[in-house]
Amino acid sequence: MPTPTLVFAAILATLLGAAFHFIMGGSLRRLLLYIWASWVGFGLGHFIGVFFGINALNVGTLRLFSAALGAIAALVAVWLLARARTSAK
């Protein structure tokens, strides 16, 4: 059974990916890509926050600030890569 922190993190990461898709637009495939990128970035950001001891905006054991920054960085990176791929066609 997943912990409440993991469920909360998954919900927040999914909301970030969906909000990014709402702002940038795109197809269903792009929505799934943004949600996946947000999950990966959120997880990496959390672990980077743990590793470097970033304690800004913690919610329980979740490093929300660094996790959200990681998700946003991953979303922007995926958007740039997908945009470059689309414009190269």
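Just so you know, these numbers use all the heavy atoms, side chains as well, and skip hydrogens, waters and symmetry mates.
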Sequence neighbours excluded and cut-off under 3.5 Å, please list the side-chain donor-acceptor pairs for residues 52-75, or say none.
residue: N55; atom: OD1; partner: R63; partner atom: NH1; Å: 2.2
residue: R63; atom: NH1; partner: I54; partner atom: O; Å: 3.0
residue: S66; atom: OG; partner: G45; partner atom: O; Å: 3.0
residue: S66; atom: OG; partner: R63; partner atom: O; Å: 3.4

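In this structure, NE2 on H46 lies 10.0 Å from CG on L6, to the nearest 0.5 angstrom. Interatomic distance, I35 CD1 to L32 CG, rounded to the nearest 0.5 Å: 6.0 Å. Summarising the geometry, atom CZ belonging to F42 is positioned 9.5 Å from atom OG1 belonging to T14; distances are rounded to the nearest 0.5 Å.
Judged by distance alone, with hydrogens and angles left aside, the side-chain atoms of H21 form a donor-acceptor pair with the main-chain N or O of S27 at under 3.5 Å. A donor-acceptor contact shorter than 3.5 Å is absent between the side chain of S38 and the backbone of Y34.
In this structure, L80 is a member of the same hydrophobic cluster as L33, with clusters built from ILVMFWY side-chain heavy atoms closer than 4.5 Å. Linking ILVMFWY side-chain heavy atoms closer than 4.5 Å, directly or via other members, places F20 and V78 in a single hydrophobic cluster. Linking Ile, Leu, Val, Met, Phe, Trp and Tyr whenever their side-chain heavy atoms come within less than 4.5 Å puts L16 and F8 in one cluster.
Residues satisfying the side chain to side chain donor-acceptor pair (under 3.5 Å) test with T5, not counting sequence neighbours, are none.
Through direct or indirect side-chain contacts shorter than 4.5 Å among Ile, Leu, Val, Met, Phe, Trp and Tyr, L15 is connected to V7, I11.
Scanning all heavy atoms of the two residues, the minimum distance from A10 to W39 falls at O-NE1, 3.7 Å.
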